[in-house]
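As structure tokens, the structure follows; a few thoughts come after it.
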Amino acid sequence: MLQTSGTNCQWRLDQHLIHVKNISVTLALLDAAIDKDSKVQEQVRKSMLTLGKQQPDRVLAMCQDYLLKHPKLVVSHRVVILQTIELIAGCSIEEISSPRIKSIISLASEEMTRSKEVIPDWQQAASNILVAVGNKHINDIMEEILSKFQPGVLPHFFVVQTLANLSDSNVYGMVPFLNAILGTMLPMLSMAKQDNMKWVFSSALCHFSDSILEYLANLDKAPDPTVRKDTFSTEICAAFDILFNNWLQSRESKLRLTVAEAVGSMCHLMSSDKLEEQIPKLIPAILSLYKKNNEHYIISKSLCQVLDASLSMGSRILETQLDNLLIVLHQQVSAPVDYNNPPTVKNHNEVLRCFSLLANSFPDRLVMFVLQKLENSNERSRMGSLSVLRHLINSTTSTMESKKLLILASIRQPMADQSNKVKKCVVQVISAMAHHGYLELEGGELLVRFIVQHCALPDTYQVNSLCLSALRTICDNTLHLLTTTVGRLADVLWPKLLYYLTPPQYSNATTPLCKSLIVLGNKKKNNQEPSFNIDFKQEGRRHWCKVQLYRMLYVLHIRSTLKSSKVNYCLGTYMKYHLYFLFLYRCIGVTLQQCFNKEVVKKQLQEILLTARHNDAVEREGVAMGIGLCANSHLEGTLAKLDEFGKSDAFKKSPSIFNLLKDRNDVEVEKVKSTLILCYGQVALNAPPEKILNRIDQDILRCISKHFNTKVLGIKVETKDLTMKLSLIQSVGLIAKAISECFSDPFSCCYVHTVQDFIKAEPADSMRTPVRHLVMNTCANLLYPSVCFFCFLDQNMVSFHNLGALLGRLSPRCSDPHPAVRAAAMDCIYSLLYIQLRYEGFALDYKDEAVDSLLLLKDKLENPDYSVLYKTCSDLTKVHQAKRLPQQQLTTLVFMLFEGLVDSQTNCCRASSVILNTLLKNRGGGLQELVAITCMQPYLTKPLVTLLHLYRISTHRACLFLSLSVFWTCEMWMALGADPIVANQIIEMVMEKILIMAPYVEMKGPMLRGGTTKVATNQSLAVSHKTFTDISSSVDELKGLVRSIHMFQGIRYNCSFVLKCVVYRAMAKHAGPRLPAIVECLCPSLNNIYECQRVTVTAFFSELLNHHVVTELMLIDVLMNNMMERISDPCCAVRMLSVRGLGNIAIGSPEKVNKYAKELVDVTFTCFKPLVAGFLNCTHITLMLSIVLTQENDEIRCASIHLMGNLSKFGSGEPVFKDQIHNVLVSLLLHLVDPNPQVVKACKYAMRVCAPVVGSEQITTMFQNHLHDDKSLHYGEFINDLTKHLVRDTRMKTSIPAWLVVGKFASFQNGFGFCPFLFSVLLHKLFCISSIISVQQLCSSCCT
């Protein structure tokens, strides 16, 4: 029981603490609301809302109490608190108690009406509270509001505004009160004299009318379904008279617009007779407002409401106003629409809504009016009429049904308008008509043609701010929209759109036409519609097909028959798209295949060859394709025509080619020959296989050779024209492809040599040339029939002797960084292995499982991980090349892989290493009879060692392996080190190279730095990277190890120091018996011209002195003498290492220290002498720093003062330095109040450190006690005390005049404004308390 009671007490205590904390937080937020920053005010509102959601009653009570206790708060502060109350009431209205609701209503009403003057921010905030509460407690609100809305008394502005807003926010709660409110309001209207009161009454009547209409439109949801429009008609009519007759004529435009808006809303509540009576006056009055106001949206909205009300009751008088009404509305709809200005867009939409209302009652007159306006050539008028027409087609479908043919006939006139803006509107109208069945009628095809014509517009100049490309894009999108969304148009567009594909004037529309045709065709095909299959045998369509063919031929022929520059300009857009010609030539070729009239075929071939632009590569290819396709059915005639054309005057350098090439001097004979050579290739490719084989040598190859090889004076001269070379290569490839199923070895051999000559003539520094590309494709076509031929020969007679070389080139490419190269390399290896199988006598359809498994390895090449790629290369070699490669080609493969070790791609180098390891492991046994050394071990890289002996590989090639930091390369050198004989031979070669080669070369450094840079040579770098393991057979091996480290020293000293120390320490511990010989060998290197070698040997000797083994081997005297000699070495690193070595004797041989004590002391003095001399120069540095103290740069002043303090540690005992400190002291005192705090800290630090140099114990104590970095300083008292110490201390008196002179220059010549003033203060202190300063000295110091 006691425990439960204690827990309850603790809970109450916690709740009490939370309550107290919330109260304090709320009060703090209420106080913070006074801040003028809008962001702070917003954050206060959000925070208060958060608290209010948790405890709404309590927070609202605190807000209310705060306002009551502070009646004189500034308006902005009160507004923030009132807005907070509104937010809480709006979010938590259900959780607020009834008493608190009433008190909040009373507070808001009081705040809203306290001031009779209108204060919008304050009173609007209070009004919003009443509106927010009114959504739930309308009765309480109305009780409070109506108490301040009494008959006969003009109410407060915001009382009326609150009633209007309540009618919007709570329609069903307010409408039952509106009858009484209107009755009270009517007498007040005549009492309103000020415009703002008239405005608020008009606005309230507008809101009341809208609320009543909404209530009547939703009676099923209303609490009182008996409410009728007649309930409010009397009051509304009375208010209408006052607003329309008196207030609508006001001079204030804002009031006029509000009255007009209210009149429009009130019309729906007026009785029919009253409204019919007012229409003759009302409509002209509203129309006249367009001229009096710049903002037309509210006027159009009001007019629309008036028309809606009058038409819904069946007004007859409205027809008398129709003419004037249509004229004004048309002016409004023709006004430009600014889509960045929403009111203009809204006005345009309201005007269109007026037209749709009138169209339902007066369709004939309205349509005739709009169509008549279409005849007007004015751009704005025509655009407005088109906008109305489009709106009527979309919104009044049933009304416009009978007007379709009339509209179709009338739309033709604006279609001929030259304005792009008008054309855009026409396209929009056509889009609307398409959705409502207009295009299926007679004349609809013209509208489709209009769209297609403008899809073919060129990209040219800008017209009337709408460029042709923009109009073309709109038409493209419209055609696509009609194709995809208007299903009923499928039969209209299919196959009509096909007719527009080939005429030249529609060439730019090819893309949108094809897109639409694809959509239509797929739709009909999927739906299995019969109309999908076009019957071109129909009479009309048969003629159309012929016309299309002749049009294609005409396009190619038109250039030769028409000379007019104007015509050429018109066709320029079509002719610049050469790919279209390629398509057309193929179409002609296929068409000629089906033509059985040989004369027509002959004539058309002649036409093609004559009209072709042989300078154009694409057109040459197109001509060749067309003629080749024709040869499929007319081989004899085609070859005869080509032979005839080759003998014609076209090949004479004459200005005339069949009266066609006049004035075309740019056409060269070589280009025409190139076309003919290509034609022969395409003829061979497309001709029937059973006919072409007998014609290859006599009719095709002979003619190609005749055109390619030119004879001058009976001597054959090779052409230098690149176009002819490319044509020949391409044609040979096509012929080889054509006879791939036959065997014509003489052909292949002949032209293989030809294309090889082309390759040899290409520049070696460029791989991407058009000749190389075509030659490779041609060789691929030539290779296959050759292999097919050779497979029938005896394999002992013919061998695939290039297999090893090709595999050696291709295999490393399987690890190329580019995935496409890896895949292509694998494909090539796959093909080569199958070619080898054919050489071995296997059948063409033979499948080898091992070779086919390459396809599985190909998938692994897609993985970018190089470890996977290397593993794949190893598997490739192990499984396939190791089994299929003939033994006699193994040597070639190995040497090709050696060359791969220096490939430009690092990954391919590593792959070569991997392949070598795998290959020699599996096939190395086959090389034993060629190897001098017979001890072949079954180790991973042992065959490589044998090859090094067999072929006496040079040191450069051997060191090449060293430069490859790969796992397999390390294994190679481990294998070398494991064999003592081989290791000795290799090291002898390496050492021989080391002795004769330079470790580095000096090159010019970057331009900005200047000087030279040491760059290691390739051979030295390769030697320096090798790793020897288990080399322990001779002294020469260790000498080679140390010498090899020399190489690396010339490149990166710091990076290799740790490695050298580890190696030297290991040698001192484990190579004791060999050290004397090593030291004797290395001593001459101490005088070497290369610093890197002197540094290395000195470091080695220095490390040896760190071990006692040198004493045991009696090497200490030699090493100590060498170290002492190196003390005077010009290289700083050598001197440092020698000093370190002399110091190491105390660790390695402490018993020898006394023996060399005298020499060690002399060396120490020699080393430190330059340093001491440097310390003595610190006074000069201090003098320079005193000048730097006047710099305006804060960082420079701060750094110089810090440096001065640090220098005092080295020069404190020097009199000269002491004088310098005295001279700088005044500047330091002045900078104690420097604007930069970092400079002040630096001054304090320098004065603390330099205090002992000043020479006064009292001043030193004072500086140490008062000048702390983190403590503030009372500058006046500090200066006062300091001057007293200066005057009292007899040792300091003699220095004061000198300080004054220095201080004068340090202050008055300083760029800081505070320095002269502070110096004057210091002089004043000294003058007041000292008699040693004369008036002359004082005047001299202050005379600046």
Side-chain angles (χ1 to χ4, degrees), residues 752 759 776 779-780 782-784 786-787 790-791 795 798-842 846-861 869-905 907-927 930 941 943-944 947 951 957 968:
V752 164
I759 284 289
M776 295 308 294
C779 287
L782 289 171
L783 182 61
Y784 186 75
S786 299
V787 173
F790 285 132
C791 72
Q795 58 179 346
V798 180
S799 63
F800 192 9
H801 60 276
N802 288 330
L803 179 61
L806 292 174
L807 290 178
R809 295 289 189 191
L810 292 171
S811 298
R813 291 295 138 199
C814 291
S815 66
D816 194 274
H818 200 286
V821 175
R822 299 198 294 266
M826 183 63 79
D827 291 338
C828 291
I829 294 172
Y830 178 84
S831 300
L832 286 171
L833 293 177
Y834 261 112
I835 291 173
Q836 175 61 25
L837 290 174
R838 300 299 302 277
Y839 272 100
E840 294 176 4
F842 289 96
Y846 174 75
K847 294 296 181 182
D848 187 279
E849 293 183 2
V851 177
D852 287 340
S853 62
L854 278 177
L855 302 176
L856 301 177
L857 291 178
K858 183 179 178 182
D859 297 335
K860 297 182 180 180
L861 296 181
L869 296 179
Y870 300 150
K871 181 65 168 57
T872 306
C873 291
S874 178
D875 295 340
L876 168 70
T877 308
K878 187 185 307 179
V879 177
H880 306 294
Q881 296 180 12
K883 295 181 180 180
R884 290 300 176 195
L885 184 69
Q887 186 67 30
Q888 63 271 21
Q889 299 201 40
L890 184 59
T891 303
T892 307
L893 174 59
V894 170
F895 273 100
M896 282 298 173
L897 291 173
F898 278 150
E899 294 184 9
L901 294 174
V902 292
D903 195 280
S904 60
Q905 293 291 338
N907 300 321
C908 296
C909 296
R910 295 171 178 172
S912 299
S913 175
V914 174
I915 296 169
L916 272 172
N917 286 319
T918 307
L919 181 65
L920 295 177
K921 178 180 178 181
N922 290 274
R923 301 290 296 274
L927 299 175
L930 303 177
T941 56
L944 175 62
L947 286 176
Y951 298 110
R957 178 167 290 182
W968 299 275

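All values reported here derive from a predicted model rather than from experimental measurement.
- When all heavy atoms of S912 and L901 are compared, the closest pair comes out as CB-CD2, 3.8 Å.
- Contact record, M896 with G808: CB-CA, 3.8 Å, taken as the closest heavy-atom pair.
- Summarising the geometry of I829 relative to C814, their closest heavy-atom pair is CD1-SG, 3.9 Å, with the distance given to 0.1 Å.
- Proximity of L810 to M826: side-chain heavy atoms (C-beta onward) are nowhere separated by under 4.5 Å.
- Using a 4.5 Å cut-off on side-chain heavy atoms (C-beta onward), L916 and F898 make contact.
- Rounding to the nearest 0.5 Å gives a distance of 7.0 Å between CG of D848 and CZ of F842.
- For S874 (side chain) and Y870 (main-chain N/O), no donor-acceptor pair under 3.5 Å exists by modelled atom type.
- At least one donor-acceptor pair closer than 3.5 Å links the side chain of R822 to the backbone N or O of L861.
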| query | L854 and L833: side chain to side chain contact (heavy atoms under 4.5 Å, CB included), yes or no, with the steps? | reply | CA-CA 10 Å; L854 278 177; L833 293 177; 3.8 Å; yes
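- You'll find the side chain of N907 stays beyond 4.5 Å of the side chain of L869, heavy atoms only.
- Once rounded to the nearest 0.5 Å, the distance linking CD of Q836 with CG of L807 reads 9.0 Å.
- Here the closest non-hydrogen pair linking Y846 and Y834 is O-CE2, 3.2 Å.
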| field | Full working for side chain to side chain contact (heavy atoms under 4.5 Å, CB included) between S815 and R910 | value | CA-CA 9 Å; S815 66; R910 295 171 178 172; over 6 Å; no
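- Judged by distance alone, the side chain of S913 and the main-chain N or O of C909 form no donor-acceptor pair under 3.5 Å.
- Remark: the backbone N or O of A805 is not paired with any side-chain donor or acceptor of T892 at under 3.5 angstrom.
- Of all heavy-atom pairs between G804 and L893, the closest is O-CD1, 3.6 Å.
- Minimum heavy-atom separation, A911 to C873: CB-SG, 4.2 Å.
- Within the 4.5 Å cutoff, side-chain heavy atoms of Q905 are placed close to those of P817.
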